[in-house]
2 protein chains.
Amino acid sequence: MKDVYLCRVISQSVADKQRDILNAALTLFVENGFHATPTSMIAKKAGVANGTLFHYYSTKDELIVALYTEIKTGLAKCVLAGDTEAETMKDKWKRYYTTAIEWGVDNPKEFRFTQQFISSPYMGMVSDELKKQGQLTTDLIKEGIKKKILKANEPELLNTILIGSVYAVNQYIMDSKLAYPERKKVINKSFDMLWGMMAV
Amino acid sequence: MKDVYLCRVISQSVADKQRDILNAALTLFVENGFHATPTSMIAKKAGVANGTLFHYYSTKDELIVALYTEIKTGLAKCVLAGDTEAETMKDKWKRYYTTAIEWGVDNPKEFRFTQQFISSPYMGMVSDELKKQGQLTTDLIKEGIKKKILKANEPELLNTILIGSVYAVNQYIMDSKLAYPERKKVINKSFDMLWGMMAV
DNA sequence: GTCTATACACCGATAGAC
DNA sequence: GTCTATCGGTGTATAGAC
């Protein structure tokens with residue numbers, strides 16, 4: 001298993017000014033929240049005119065949701081990138097788990113933005129398509145149960161706890177400002193704990 | 001162990017109009033978010049004049065933080081209410097765990113509000129006193145490790161995972177709209193999983 | 001303490017030139 | 001596509017009567 005899971009999200013995916021707008025918005029939203037960040041401030045930080053912002057996103061809400069979609073898609077791509085056929089289920093889970101947490105470490109603004117977004121009313125505005133992304137890991141749990149590798153619990157419940165743990169461990173790492181060697185230990189240790197909980 | 005963990009929060013603790021304002025604010029914040037809820041709307045729903053709101057809270061931010069403090073204190077009181085001396089550590093943990101989750105079920109608005117608040121920039125405005133409330137469970141973990149009841153992991157890390165799991169399981173219960181008998185099963189089952197993870 | 005009335009800043013969004 | 005200029009709407013907070 002490789003050691004580094006770096007994965008940048010927004011930087012390369014869209015063109016010039018639009019990218020600047022998204023990057024500026026991300027930083028400011030995380031710092032000040034959605035409300036306290038006027039579009040004028042975003043435009044200024046992005047180095048574009050106020051009107052230009054509304055050329056790309058016809059409302060502020062649309063910008064916010066677009067930013068979330070962008071980030072979430074990038075995370076999913078990043079986590080699934082290392083998928084191989086020849087891999088035990090435990091290794092696959094460990095890789096998913098590690099990649100997700102390291103992604104949060106490499107992209108702290110993106111991570112905090114998603115947290116903020118998910119528990120906001122904007123969450124109701126995202127497409128069902130994007131919402132169903134979590135289905136993937138639930139399916140993997142079902143497969144694991146069928147193969148008698150995982151304990152026969154409600155898959156959705158286990159999935160929820162796992163996602164919650166990814167957020168929790170990430171939060172812990174960020175709060176404690178853990179650098180690489182210690183960080184890896186914490187990730188491994190917590191994975192072992194969780195695996196002990198879910199595996200037969 | 002008793003079966004019902006009901007625990008209302010805001011309703012009784014403060015006087016008349018002020019209580020109406022907090023209740024109205026809570027409902028509207030959860031429905032619309034902080035931004036999309038003007039003070040005028042809060043005042044209207046509370047049945048008071050706009051100026052009255054600013055008599056009790058000199059800024060909107062102050063109102064938001066006060067609401068969080070109120071709710072958080074209520075939750076803490078509720079969880080600690082059943083503390084007894086003669087109780088095994090496992091029972092105490094199970095009671096804390098169960099009470100916290102059931103509190104979220106009984107107070108869905110309060111629960112969603114805290115989620116929204118914690119991941120917002122307002123979180124930076126709360127007193128250090130309130131922030132340190134989580135210290136209590138961490139200390140209990142340390143005690144458990146010393147007594148060789150719990151595995152010798154980083155206490156903070158375990159605490160973070162536990163809190164994350166409480167949120168996660170609550171979310172699962174709410175999303176699945178589980179009623180009492182099934183809900184209890186899920187809580188017990190998930191606690192057993194978690195206890196298996198943390199206990200020696 | 002509670003109300004009415006209002007000041008005034010500010011923001012989201014548009015119009016239209018280039 | 002990008003800019004400047006601007007408008008209409010709205011929100012926080014205050015002033016002052018009761």
Side-chain angles (χ1 to χ4, degrees), chain A residues 10-70 113 116-117 120-126, chain B residues 10-70 113 116-117 120-122 124-125:
Chain A
I10 294 179
S11 315
Q12 287 87 9
S13 47
V14 274
D16 272 350
K17 303 248 170 195
Q18 191 170 7
R19 194 192 68 208
D20 295 341
I21 292 168
L22 287 177
N23 274 322
L26 175 61
T27 303
L28 292 169
F29 284 149
V30 169
E31 273 169 14
N32 317 318
F34 301 125
H35 167 45
T37 307
T39 54
S40 58
M41 201 187 284
I42 298 170
K44 193 177 174 185
K45 190 178 180 75
V48 302
N50 205 326
T52 305
L53 188 153
F54 285 94
H55 170 72
Y56 288 106
Y57 306 98
S58 53
T59 66
K60 186 182 175 181
D61 287 1
E62 198 180 305
L63 165 63
I64 293 172
V65 175
L67 185 53
Y68 175 72
T69 307
E70 187 80 14
F113 176 85
Q116 205 171 309
F117 184 94
S120 83
Y122 291 108
M123 188 58 185
M125 298 182 195
V126 303
Chain B
I10 295 180
S11 313
Q12 286 89 8
S13 47
V14 274
D16 272 351
K17 302 248 170 194
Q18 192 170 7
R19 194 191 68 209
D20 294 342
I21 292 169
L22 287 177
N23 274 322
L26 174 61
T27 303
L28 291 169
F29 285 149
V30 169
E31 273 169 12
N32 316 319
F34 302 125
H35 166 44
T37 308
T39 54
S40 58
M41 201 188 283
I42 298 170
K44 193 177 175 185
K45 190 178 180 76
V48 301
N50 205 324
T52 305
L53 188 153
F54 285 94
H55 171 71
Y56 288 106
Y57 305 98
S58 52
T59 67
K60 186 182 174 182
D61 286 2
E62 198 180 304
L63 165 63
I64 293 172
V65 174
L67 184 53
Y68 176 73
T69 306
E70 187 79 15
F113 176 84
Q116 205 170 309
F117 184 92
S120 83
Y122 291 109
M125 298 182 195

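Chain letters run A, B, ... following the sequence lines, proteins first and then strands; every chain starts at 1. Both backbone and side-chain heavy atoms feed into the values below; hydrogens, waters and symmetry mates do not.
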**Q** Which parts of nucleotides 11-18 of chain C does protein reach within less than 4.0 Å, heavy atoms only, written one letter per nucleotide 5' to 3' as B for base, S for sugar-phosphate only and - for none?
**A** SSBB----
**Q** So, is B:Lys44 near the phosphate of D:dG11, with a side-chain N or O under 4.0 Å from OP1 or OP2?
**A**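 Negative; the distance criterion is not met.
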**Q** The criterion is ring pair (Phe, Tyr, Trp, His ring centres under 6.0 Å); which residues satisfy it with A:Tyr68, sequence neighbours excluded?
**A**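 A:Tyr68 satisfies ring pair (Phe, Tyr, Trp, His ring centres under 6.0 Å) with A:Phe117 once adjacent residues are dropped.
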**Q** Counting only side-chain nitrogens and oxygens, does B:Tyr57 get under 4.0 Å of the OP1 or OP2 atom of D:dA13?
**A** no
**Q** Measure the distance from CG on B:Asp16 to P on C:dC3 and round it to the nearest whole Å.
**A**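 That distance rounds to 12 Å.
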**Q** Do any side-chain atoms of residues 30-42 of chain B form donor-acceptor pairs under 3.5 angstrom with protein atoms, and if so which ones, sequence neighbours left out?
**A**
residue: B:Asn32; atom: ND2; partner: B:Leu28; partner atom: O; Å: 3.4
residue: B:His35; atom: ND1; partner: A:His35; partner atom: ND1; Å: 3.0
residue: B:Thr37; atom: OG1; partner: B:Leu28; partner atom: O; Å: 3.3
residue: B:Thr37; atom: OG1; partner: B:Gly33; partner atom: O; Å: 2.7

**Q** B:Thr69: which residues meet the side chain to side chain contact (heavy atoms under 4.5 Å, CB included) condition with it, sequence neighbours left out?
**A**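 B:Thr69 satisfies side chain to side chain contact (heavy atoms under 4.5 Å, CB included) with B:Val65, B:Thr73, B:Leu130 once adjacent residues are dropped.
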**Q** Atom CD1 of A:Ile21 to atom P of D:dC3: distance rounded to whole Å?
**A**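 Checked: the CD1 to P distance equals 9 Å.
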**Q** A:Tyr57: which residues meet the side chain to side chain donor-acceptor pair (under 3.5 Å) condition with it, sequence neighbours left out?
**A**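 With neighbours one apart ignored, the set is A:Gln18.
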**Q** Just N and O in the side chain of A:His55: are any of them under 4.0 Å from OP1 or OP2 of D:dG1?
**A**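 So the side chain of A:His55 is within the cut-off, an N or O lying under 4.0 Å from OP1 or OP2 of D:dG1.
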**Q** Please round to the nearest 0.5 Å and tell me the distance separating atom CG of B:Asp20 and atom NZ of B:Lys17.
**A** 7.5 Å
**Q** With the side chain of A:Thr52 defined as its heavy atoms from C-beta on, choose the nearest nucleotide among C:dG1, D:dT2, C:dC3.
**A**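 The nucleotide sitting nearest to the side chain is D:dT2.
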**Q** Can you name the residues that form a side chain to side chain donor-acceptor pair (under 3.5 Å) with B:Thr27, not counting sequence neighbours?
**A**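 Once residues adjacent in sequence are excluded, the partners of B:Thr27 under the side chain to side chain donor-acceptor pair (under 3.5 Å) criterion are B:Lys109.
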